Student: 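Following this message is one structure expressed as structure tokens.
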Amino acid sequence: WFGTTYSGNSSDTFHANRFGAGSFSTSSSHSPIQHIYYNWGSLWPQLPNTGSYVRNVQFAPWFGYMSSYYCYQSGSSECSIRTKTIPYDGAGMDIYGDITQDTIWDKEMSPIRIVPSGDYIRVTADLTIEAGVEVQFGAGKGIDMAGQCSQLIMNGNESNEPDGRITVSNIGGSTSANGKGFAFTRGCSTTTDRHTFENVDFSNLDIAISAGSRHGNSPHYNGDVGDFNFDDVTFTDVGTAIKHGSGQYSSFDLSGVSITNATNSCISLPDYASLNWNTGSMTNCNQGSSSSDGAIMTGYGSEVTLNDISI
């Protein structure tokens with residue numbers, strides 16, 4: 001806009017109000033901005049304009065100063081509009097910063113690239129990923145579901161249905177270094193159906209689901225970080241599909257899940273965990289031929305029920 005690119009990351013925002021006024025901002029603050037000052041006179045100034053009374057990044061002419069010059073929402077008044085950032089022409093979105101508010105990723109935003117400056121995007125709210133979304137992890141990058149009672153909901157469709165399945169892989173596919181995957185590091189007093197995965201394909205990740213730690217590193221949560229429910233989910237070319245990192249007493253309910261080509265164990269459970277798996281397969285587990293890995297590492301005191309599983 002007038003020679004400046006606003007990328008939609010955590011430091012570039014767009015402010016708008018119901019009268020049509022809109023301004024770009026390079027501030028990471030979500031506080032409302034004043035679009036225009038009172039002394040622009042009777043004629044709208046030509047844009048861009050360096051006058052103190054008009055924003056240099058004013059997006060649209062607007063003559064409603066006396067009605068409302070702020071975009072705001074408070075307990076007693078509201079003049080804002082609801083917006084969603086849609087990448088241009090399928091360009092996708094880069095996720096740099098932590099997620100602190102309930103967030104939905106849909107197909108219009110896809111592909112979603114996980115590229116924080118550190119190792120993880122920290123999520124302390126509910127994250128919902130809808131059908132057709134492609135999530136791409138940068139090399140060595142992960143998502144940490146770190147909020148108390150925060151939920152991860154991934155609901156894809158069948159391949160022949162609109163939008164189709166959700167795919168989770170790394171940026172660049174099999175020729176690039178793996179992303180870390182999802183970590184779960186906080187518990188909740190209510191665990192039923194907390195994290196759900198339906199019609200999802202995981203590939204090229206170190207540990208797709210790390211229960212109880214950031215892929216073996218701190219923070220560690222010594223307790224139940226589930227429940228986890230998987231329905232028609234695939235894991236291909238991973239280090240491990242599901243692995244403990246503490247996370248004792250977590251429950252995993254799998255239906256129609258297949259795991260193919262795991263460097264280490266296909267599944268490595270936390271202690272005192274529960275695994276209930278109906279229909280599915282494990283192929284080429286422990287490709288690294290480690291004496292401490294296998295198809296399923298049960299953990300101390302775990303309960304495992306398998307029904308119609310090909311190993």
Side-chain angles (χ1 to χ4, degrees), residues 7-12 28 30 85 92-105 109-129 133-154 166-173 176-188 194-197 200-226 228 230 233 235 237-248 250 252 263-264 268 270:
S7 66
N9 59 32
S10 60
S11 64
D12 291 347
S28 59
H30 287 196
T85 301
M93 294 182 64
D94 293 338
I95 307 299
Y96 301 96
D98 294 341
I99 297 173
T100 59
Q101 298 179 329
D102 291 351
T103 298
I104 298 174
W105 292 339
M109 303 173 180
S110 182
I112 305 292
R113 293 177 291 272
I114 308 304
V115 287
S117 58
D119 289 340
Y120 286 88
I121 298 289
R122 188 171 186 267
V123 181
T124 53
D126 292 346
L127 176 60
T128 300
I129 304 175
V133 171
E134 182 178 0
V135 180
Q136 301 176 341
F137 286 90
K141 306 299 183 180
I143 291 177
D144 178 9
M145 298 297 300
Q148 185 174 5
C149 295
S150 294
Q151 292 182 283
L152 176 61
I153 308 296
M154 302 179 67
I166 296 169
T167 60
V168 183
S169 188
N170 61 352
I171 297 174
S176 300
N178 284 352
K180 290 183 180 295
F182 290 92
F184 300 82
T185 59
R186 285 296 299 273
C188 184
R194 183 181 176 192
H195 306 300
T196 63
F197 309 82
V200 183
D201 298 319
F202 294 91
S203 64
N204 300 310
L205 300 172
D206 288 342
I207 302 170
I209 305 296
S210 177
S213 74
R214 287 186 170 188
H215 297 81
N217 299 313
S218 61
H220 294 268
Y221 186 83
N222 296 314
D224 188 352
V225 293
F228 297 87
F230 301 85
V233 174
F235 300 89
D237 297 327
V238 294
T240 301
I242 301 169
K243 186 173 183 178
H244 69 88
S246 297
Q248 294 90 334
S250 297
F252 304 86
T263 304
N264 307 305
S268 183

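Keep in mind that what you see is a predicted model, and the values were worked out from it rather than measured. Position 1 is the first residue of the sequence; numbering continues from there.
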Student: Once you round to the nearest 0.5 Å, how far does CD of Gln101 lie from OG1 of Thr124?
Tutor: 9.5 Å
Student: Looking at every heavy atom in both Arg194 and Gln148, which two are closest together, and how far apart are they?
Tutor: NH2-C, 4.4 Å
Student: Without swapping roles, check the side chain of Ser203 against the backbone of Ser169 for a donor-acceptor pair under 3.5 Å.
Tutor: no
Student: Does the side chain of Val168 come within less than 4.5 Å of Met154's, by heavy atoms?
Tutor: yes
Student: Kindly compute the distance separating OG1 (Thr185) from OH (Tyr120), expressed to the nearest 0.5 Å.
Tutor: 9.5 Å
Student: Distance check, rounded to the nearest 0.5 Å: Ile95 atom CD1 versus Gln136 atom CD?
Tutor: 11.5 Å
Student: Output yes when a side-chain donor or acceptor of Arg113 lies under 3.5 Å from a complementary backbone atom of Tyr96, and no otherwise.
Tutor: no
Student: Determine yes or no for a side-chain-to-main-chain donor-acceptor pair under 3.5 angstrom, with Lys141 supplying the side chain and Gly181 the backbone.
Tutor: no
Student: Check the angle between the aromatic planes of Phe202 and Phe235 and answer parallel, tilted or perpendicular using the 30° and 60° thresholds.
Tutor: parallel
Student: Taking atom CD1 of Ile153 and atom OG1 of Thr196, what is their separation to the nearest 0.5 Å?
Tutor: 3.5 Å
Student: Would you find a donor on one side and an acceptor on the other, under 3.5 Å apart, between the side chain of His215 and the backbone of Ser210?
Tutor: no
Student: Got a salt bridge between Lys180 and Asp206, using NZ or NE/NH1/NH2 to carboxylate O under 4.0 Å?
Tutor: no
Student: Do His195 side-chain atoms and Val225 backbone N/O form a donor-acceptor pair below 3.5 Å?
Tutor: yes
Student: Do Phe137 and Asn178 have side chains that approach each other closer than 4.5 Å (heavy atoms only, starting at C-beta)?
Tutor: no
Student: Can you label the angle between the Phe228 ring and the Phe252 ring as parallel, tilted or perpendicular, going by 30° and 60°?
Tutor: parallel
Student: Got a second to check how far Cys188's SG is from Gln151's CD, nearest 0.5 Å?
Tutor: 8.0 Å
Student: Under a 3.5 Å distance rule, please check whether Asp102 uses its side chain to pair with a backbone N or O of Asp126 as donor and acceptor.
Tutor: yes
Student: Can you tell me how far apart CD1 (Ile129) and CD1 (Ile104) are? Round to the nearest 0.5 Å.
Tutor: 11.0 Å
Student: Within the structure provided, determine whether Asp98 and Asp144 are in side-chain contact (heavy-atom separation under 4.5 Å).
Tutor: no
Student: Testing the 3.5 Å rule here: is there a donor-acceptor pair between the side chains of Ser213 and Ser246?
Tutor: no
Student: Please tell me if the side chains of Val115 and Ile171 come closer than 4.5 Å, counting only heavy atoms from C-beta onward.
Tutor: yes
